[in-house]
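When a ligand or atom number is given, it counts from 1 through the structure's own listing order.
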Amino acid sequence: MKIGILGGGQLAQMLAQAGAPLGMEFMFLCPSEEACAAPLGQHLCNDFDDATALDRLRRWADVATFEFENVPASVIEILAAHTRVYPPARALAVAQDRLREKQTFDSLEIPTPAYTAVDSQEQLSQAVGRLGLPAVLKTRTQGYDGKGQTVLKQQADLLSAWERLGGVPLILEAFVPFERELSIIAVRSAKGETRCYCLSENHHRDGILRLALSRCGDPLQDMAERYVQRLLQNLDYVGTLALELFQTEHGLLANEIAPRVHNSGHWSIEGAACSQFENHLRAVSGLPLGDTSLVQPAAMVNLIGRLPDLGALTAVPGAFPHIYGKSERAGRKLGHVTLTADGPAIDAEFQKRLASLLRLTGEMQLATTMERLSAA
Ligand code: AMP
């Protein structure tokens, strides 16, 4: 089976790693010369909307997919006219526009933070009047890893926020004083079969995911599954999808979807019977879905900006580093480490090992929290 992927970053790399044992071959369309997936297949180093490259990809591939959310939805539509492309273009278009995304949640009765569209400075002050402060102002498109958004704490912040973000369509959201950030990753086949992974508890700093913990048996699992199933069906989805959620005292609120494999599911490579990557490939290529159940509790720590010493990482029992082969740069995801537990539960020993990994990656605050938990 030949798989064409739009994008050539670490998600494409891990898809190709998961597909190799299934005998799959890969072609990546990615404008970056440094695409880290490139050694695992053919690399078309062109823009996503390059007609010649798109034509080459569609002629070669049995099926096409994407790992990058900002691929123009129109490109997917062009490809879809000639070849099978999953997930569907509509899922990508919904995910690319925060307003459309929230309206989709509304139509499926999936609760979200209160929100309103903002297209002018006047509308911004009206929206703040309605939603109150604090609130989060976000660009409707192109945002990721906390980029394209700002928290408004007081009236005086409105002008600078407008000067920074205004001029493009915006959305204002009520600030959610969440208890936890969670995500659920699910997969759907073309036949409509669906499977969910157990919830991930996600910890961010500066808008970037630092730590994801698998949370098997979480009391919110059923609610999260109900919400993600509604999305999968409504979007006639094929492939892996992530739904990011806030846990509040009133239950779960949907923040956003990612119509692709997701950073908060990387623990599934070692932690689940069949990883999110393999299941995405199974879904898009028409194979039966694999078992999403947890083999052992797992956590994932991102390696961001700078790579810690590999000897120190591998010295932690149960740690599995994944180094993507990208050059170091502040804020850049260079790799991740999965930590698996020895037994069926997260225990003090696991928390101690996790704390050492977090220290190695410079996440001192999270490390201290884990140390406290392991001592309790
Ligand atoms: P996003 O790009 O929407 O995923 O936002 C990045 C991060 O900003 C989230 O993971 C949250 O930590 C925070 N955030 C986003 N929206 C809100 C909100 N409405 N209330 C509180 N925090 C938020």
Legend entry - Atom indices of ligand 1, in the order listed, that fall short of 4.0 Å to a heavy atom of Gln149: 1 (P), 2 (O), 3 (O), 5 (O), 6 (C), 8 (O), 15 (C)

Legend entry - Residues Glu328 and Arg332 bridged, charged N to O under 4.0 Å: no

Inset, instruction - Could you pull out all residues at least two apart from Ser264 that satisfy side chain to side chain donor-acceptor pair (under 3.5 Å)? - result: Ser183, His262

Inset, instruction - Please confirm whether Arg98 comes under 4.0 Å of ligand 1, counting heavy atoms of the residue only. - result: yes

Legend entry - Contact check: Val176 vs ligand 1, nitrogen or oxygen atoms, below 3.5 angstrom: yes

Inset, instruction - Check each atom of ligand 1 against the heavy atoms of Phe178 and keep those under 4.0 Å away; list them by number with element. - result: 12 (O), 21 (C), 22 (N)

Inset, instruction - Could you tell me how the ring of Tyr197 sits relative to the ring of Trp267: parallel (under 30°), tilted (30 to 60°) or perpendicular (over 60°)? - result: perpendicular

Inset, instruction - Identify, by atom number and element, the atoms of ligand 1 in contact range of Lys138, meaning under 4.0 Å from any of its heavy atoms. - result: 3 (O), 15 (C), 16 (N)

Legend entry - Close approach of Pro177 to ligand 1, heavy atoms, under 4.0 angstrom: no

Inset, instruction - For residues 280-294, pull every pair meeting side-chain hydrogen bond (donor to acceptor under 3.5 Å, both in side chains), keeping only residues two or more places apart or in separate chains. - result: Thr65-His280, Glu278-Arg282, Asp291-Ser293

Inset, instruction - Mind checking whether Val151 contacts ligand 1 via backbone (N, CA, C, O), side chain (CB onward), both or neither, at a 4.0 Å heavy-atom cut-off? - result: neither

Inset, instruction - Check the surroundings of atom CZ in Arg359: do more than 12 heavy atoms from other residues, nucleotides or ligands lie under 6.0 Å from it? - result: yes

Inset, instruction - Determine the minimum heavy-atom distance between Ala190 and Val238, stating which atoms define it. - result: CA-CG2, 3.7 Å

Legend entry - Least distance between heavy atoms, Leu232 atom then Val187 atom: CD1-O, 4.4 Å

Inset, instruction - Just let me know how Val136 lines up against ligand 1, side chain, backbone, both or neither, with a heavy-atom cut-off below 4.0 Å. - result: side chain

Legend entry - Phe48-Phe68 aromatic ring centre distance below 6.0 Å: yes

Legend entry - Enumerated ligand 1 atoms positioned under 4.0 Å from heavy atoms of Ala174: 18 (C), 19 (N), 20 (N)

Legend entry - Atoms in ligand 1 with a heavy atom of Asn255 nearer than 4.0 Å: 1 (P), 3 (O), 4 (O)

Legend entry - Proximal candidate to atom 11 (C) of ligand 1 [heavy atom criterion; set Glu244, His204, Glu181]: Glu181

